[in-house]
Amino acid sequence: MRPRNALLVLLVLLLSASACTTGPSLENQGEITAPPGDSTHLTIGSAGFTESDLLAQMYALLLDRAGYSTKIISVSNREIYEPALESGQIDVVPEYAATFADWLNAKKNGADAGPVGSPDLTATMKALRALAAPRGLTVLDPGRAVDRNAFAVAAPYAAKHHLKTLSDLGGSGLPVRLAAGDECVQRPYCAIGLKKTYGIRITAVDPKGVGTTQAKQAVRNGQDQMVLTTTTDATLDDFGLVLLADDKHLQNADYLVPVVNRSRAGSEGVRKALDKLNTVLTTADLARLNEQVDSWRRLPEDVARIYLESRNLIPRGWKTPEDLARATRLMPDCQ
């Protein structure tokens with residue numbers, strides 16, 4: 001496994017003496033006037049689920065190709081990695097426009113703040129950038145791929161209770177134990193929204209992650225009744241699960257956007273490198289890539305590399321500087 005792919009212990013991330021704290025402090029946030037930074041060594045954050053891992057790998061390869069040195073770390077949820085992004089301990093993360101806009105809005109204005117994300121991408125991006133800029137963050141342009149939360153149940157369970165939509169589930173009055181990330185309890189588009197919009201009886205959130213194998217297995221075997229996944233999850237059939245339609249449009253269209261720490265990665269070089277993915281990656285592409293990792297058991301770094309090669313974004317067989325350095329270290333000393 002390449003060094004940059006190792007998962008770093010969170011304590012190391014937060015306490016490392018080498019970490020830079022170049023973002024604005026929470027007490028001194030205001031308009032950012034300093035020029036964008038262009039650090040040659042960039043840390044890319046992944047939220048620890050398949051899609052985020054794939055995007056982080058693609059970001060790393062594109063930035064490596066543009067001359068940057070990168071490493072990837074996995075941080076389990078936004079409550080942890082967003083402050084690290086502000087402080088410069090993480091430089092780049094893949095995000096979702098509407099979800100991140102609402103999250104920043106709640107962080108600024110309180111949990112009861114009205115949503116600023118919407119199905120309107122232009123309005124969502126305007127709100128997101130206005131909220132991100134005072135925190136020293138720059139939101140790059142969105143791509144073609146869009147993802148959103150989705151909820152699935154076991155096919156026999158849906159058939160037995162005549163469930164096709166989330167409204168059907170709410171109207172049934174059935175108690176529902178939901179397999180999801182632990183943050184789902186407080187998210188307006190997860191447990192809170194399911195209760196408020198659909199009247200679904202969420203009795204507990206089982207913290208098994210978003211669309212993880214463990215979460216889907218828990219629903220398949222009846223331990224849980226529903227799983228939080230995404231619309232690009234291509235493995236539901238493998239677990240005998242079916243999506244329930246979001247018939248009241250609880251979820252916003254979440255376009256993929258790279259978010260960077262302005263003082264370290266706000267340069268035109270970073271923007272140009274990551275913009276290349278926007279022109280090719282579609283929602284259908286992303287679903288197929290997720291499937292290769294989740295169903296075919298391929299490594300995210302291999303799937304990401306093959307995809308970028310197939311779209312001519314990196315040369316076939318191209319090696320990063322780390323690859324070449326490792327090969328040199330491993331080369332036998334022939335006398």
Side-chain angles (χ1 to χ4, degrees), residues 47 49-51 76-79 96-103 105-106 110-119 124 146-254 287 290:
F49 58 94
T50 296
E51 188 167 287
S76 60
N77 61 58
R78 192 175 284 113
E79 285 77 2
Y96 301 88
T99 296
F100 197 43
D102 284 337
W103 194 87
N105 189 43
D112 295 331
V116 295
S118 75
T124 296
V146 59
D147 197 357
R148 58 169 65 91
N149 288 340
F151 298 91
V153 298
Y157 178 86
K160 178 181 179 181
H161 298 290
H162 309 289
L163 306 177
K164 293 184 177 179
T165 68
L166 291 171
S167 287
D168 292 339
L169 182 57
S172 73
L174 292 165
V176 174
R177 181 177 165 93
L178 175 62
D182 54 7
E183 69 275 10
C184 174
V185 175
Q186 299 177 334
R187 294 281 169 83
Y189 299 111
C190 199
I192 292 174
L194 291 172
K195 294 175 183 178
K196 182 177 180 180
T197 301
Y198 289 106
I200 296 173
R201 288 178 56 201
I202 304 296
T203 59
V205 172
D206 187 3
K208 284 185 164 58
V210 179
T212 62
T213 296
Q214 293 81 2
K216 285 177 276 196
Q217 286 175 337
V219 175
R220 179 173 62 183
N221 65 28
Q223 176 184 344
D224 298 329
Q225 287 70 52
M226 188 162 67
V227 60
L228 168 62
T229 183
T230 67
T231 52
T232 57
D233 188 336
T235 69
L236 295 179
D237 286 345
D238 298 339
F239 293 89
L241 306 182
V242 294
L243 289 179
L244 296 182
D246 179 20
D247 53 308
K248 292 185 178 179
H249 307 293
L250 173 63
Q251 308 299 329
N252 290 321
D254 265 323
N290 287 336

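What you see is a predicted model; the values in this text were computed from it and never measured.
Annotation: the span from Leu178 atom CG to Ile202 atom CD1 amounts to 5.0 Å, rounded to 0.5 Å. Taken to the nearest 0.5 Å, the CG atom of Leu243 stands 9.5 Å off from the CG atom of Leu166. Within the model, atoms CZ of Arg220 and CG of Leu241 stand 8.0 Å from one another, a figure rounded to the nearest 0.5 Å.
Listed here is the closest heavy atom pair of Asp206 and Arg177: CG-NH2, 3.4 Å. Looking at every heavy atom in both residues, Pro188 comes nearest to Leu250 through O-CD1, 4.0 Å. Gln225 approaches Pro175 most closely through the heavy-atom pair OE1-O, 3.8 Å. Minimum interatomic distance between Ala113 and Asn105 (heavy atoms only, all atoms of both residues): CB-ND2, 3.6 Å. Pairing each heavy atom of Ser172 with each of Leu169, the nearest pair is OG-O, 2.6 Å. Asp247 approaches Ser167 most closely through the heavy-atom pair OD2-OG, 2.5 Å.
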**Message:** Between Asp147 and Thr232, is the side-chain hydrogen bond (donor to acceptor under 3.5 Å, both in side chains) condition met? List the steps.
**Reply:** CA-CA 6 Å; Asp147 197 357; Thr232 57; 3.0 Å; yes
**Prompt:** Does the pair Val219 and Phe239 meet the rule for a side chain to side chain contact (heavy atoms under 4.5 Å, CB included), with working shown?
**Reply:** CA-CA 9 Å; Val219 175; Phe239 293 89; over 6 Å; no
**Pair Asp233-Lys216, side chain to side chain contact (heavy atoms under 4.5 Å, CB included): steps then yes or no** = CA-CA 11 Å; Asp233 188 336; Lys216 285 177 276 196; 2.9 Å; yes
**Request:** Evaluate side chain to side chain contact (heavy atoms under 4.5 Å, CB included) for Asp168 paired with Leu244, printing each intermediate quantity in order.
**Result:** CA-CA 9 Å; Asp168 292 339; Leu244 296 182; over 6 Å; no
**Request:** Could you please spell out the steps behind the side chain to side chain contact (heavy atoms under 4.5 Å, CB included) verdict for Glu183 and Trp103?
**Result:** CA-CA 12 Å; Glu183 69 275 10; Trp103 194 87; over 6 Å; no
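In summary, Glu79 and Arg187 engage in a salt bridge, as defined by a charged side-chain N under 4.0 Å from a carboxylate O. Between Arg148 and Asp246 no salt bridge is recorded (no basic side-chain N to carboxylate O distance below 4.0 Å).
In this model, a donor atom of one side chain and an acceptor atom of the other lie less than 3.5 Å apart for Asn252 and Tyr189. In summary, the side chains of Asp254 and Thr99 do present a donor paired with an acceptor at a separation below 3.5 Å, with no hydrogens or angles considered.
The number of heavy-atom neighbours closer than 6.0 Å to CG of Asp112, taken from other residues, nucleotides and ligands shown, is 12 or below.
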